[in-house]
Amino acid sequence: MSQQSAFSSPGFDFSNSVRNNFLQEKGMPLPKATSTGTTIVGCLFKDGIILGADTRATEGEIIADKNCEKIHYITESIRCCGAGTAADTEFTTATISSNMELHSLSTGRKPRVVTVMTMLKQYLFQYQGHIGAALVLGGVDSTGPHLFTIHPHGSTDKLPYVTMGSGSLAAMAVFESSWKPNMERSDALALVSAAVSAGIFNDLGSGSNVDACIITATQTEMLRNFVKPNERVEKERHYTFRRGTTAWKSENIRDLIVNEDITLVGATGDAMDTS
Amino acid sequence: MEPSYRIVPPSQIKTASISDTAGSLGLHDTLRYGIRSIATQTRGGEFENRITKWEETQDNARLNMLANLYGPSAPMRLLMERQIVSTSPHMPGMPQSNIHLDILMGRDETLDPTDFFLGMESGPPLSVHNEMEKKLRL
């Protein structure tokens, strides 16, 4: 009878680490991960939470995705915006979303934002910052609306308005000048759009459109591409050539079918047996 | 079960051994690992150690606290149950799942990346004889 270890393995294979260390010392650069650059924001208003994000994903200096989605689903009334390495944020939020579904089925209660926050922070702390996910988590549960930030090393903050990502300073400047407690929905949405737009126009890592998500106790509304300040204009001139621009001298048409004999199979005329 | 309340695995003393990078001839395999350098071999093991030993360290702290509260028999019983449940009559090469052990370890209602990622790279075992030898400890 064989004994298995009672503990689950970490799921990573470290057998190449010596080789990778050697290559790094000799100067070979590590492959670049797709980063989200990003401006993500969240703010508390009278009825709940509004989350906002831009939609650009960068890979070094190139834009990898002009219209990516950074507001991830966790549960029906909890959403999470992700900045940092795109794969890390997507995978982490998807894993936590699955675990939250199992957890709420097990407890029989509606999921709480603090549960999500605790799961995320414990997971990120275990990986010591190697998982590059900086998250803005917001939602409304039975205890009210909550807004958290989670940094890649596992530290968390609970605040009424938060920004993360490379455009966070631009967005925070907008929040600091205009945020008031107990704002109306339209004011809060305008503020969030202004904050994300500040990030879009003043930071190279953020761009394209503004996404917003409004979470209240009764419903969650996802406004994908809510504001599109960077639409491509139609070109002023047309660059197609008119038919007949190039002169041609001779025309030769060859039919690919040389000779065709059609033989009917099943020529007795039996229809398909569908009884 | 060590008498420690650590929740984060301690950093190990770094060692570099020829067996880490030995090829089939028993010498350092330069083709796979690069030119032999003790510095390179001792670098970078802290993170691997941390995540490999994570669950074990936390579990150890919990068992120690149980022993303080309820006496040494409490963790002893839990460890005994785990050991009973871990003995598997199946062939070691095949993918195995132990739901009883998962329930005892408290991971029957969670999903880890391990649950769906491992096993993709390895196919059927290269040598059934080696696997059976390891299992029966010959």
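Convention: sequence-line order gives letters A, B, ...; per-chain numbering from 1.
Heavy-atom distances place both the backbone and the side chain of A/F125 under 4.5 Å from chain B. Proximity to chain A is limited to the side chain of B/T21, based on heavy atoms less than 4.5 angstrom apart. Interface remark: A/Y127 contributes backbone and side-chain atoms alike to the contact with chain B (heavy atom separation under 4.5 Å).
In this structure, NZ in A/K26 is found 5.5 Å from CD1 in B/I35, a value given to the nearest 0.5 Å. Rounding to the nearest 0.5 Å gives a distance of 4.0 Å between OG1 of B/T40 and CD of A/E25. With rounding to the nearest 0.5 angstrom, the CG atom of B/D115 is 7.0 Å from the OG atom of A/S8. Interatomic distance, B/D112 CG to A/N99 CG, rounded to the nearest 0.5 Å: 7.0 Å. In this structure, CD1 in B/I7 is found 9.5 Å from CD in A/Q122, a value given to the nearest 0.5 Å. Summarising the geometry, atom CD belonging to A/Q126 is positioned 7.5 Å from atom CD belonging to B/Q58; distances are rounded to the nearest 0.5 Å.
The shortest side-chain heavy-atom distance between B/P113 and A/F91 falls under the 4.5 Å cut-off.
When each of A/V18, A/I96, A/N20, A/L105 is checked for heavy-atom pairs under 4.5 Å with chain B, A/V18 comes out on top. When each of B/M105, B/K53, B/R107 is scored by its heavy-atom pairs under 4.5 Å with chain A, the top score falls to B/R107.
Within a 6.0 Å radius of NE2 in A/H72, more than 12 heavy atoms belonging to other residues, nucleotides or ligands are found. Counted within 6.0 Å of CG on A/L159, heavy atoms from surrounding residues, nucleotides or ligands total more than 12; the atom is thus considered enclosed.
At least one donor-acceptor pair closer than 3.5 Å links the side chain of A/N21 to the backbone N or O of B/R43.
Cation-pi geometry between B/R32 and A/F22 is not met: the NZ or CZ atom fails to fall both under 6.0 Å from the ring centre and inside 45° of the normal.
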Subject >> side chain to side chain contact (heavy atoms under 4.5 Å, CB included) between A/L102 and B/L111, intermediate numbers included >> reply: CA-CA 9 Å; A/L102 289 171; B/L111 280 170; 4.1 Å; yes

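Between A/F7 and the choices B/D59, B/T52, B/L101, B/T57, the side-chain contact (heavy atoms from CB on, under 4.5 Å) rule is met once, by B/D59.
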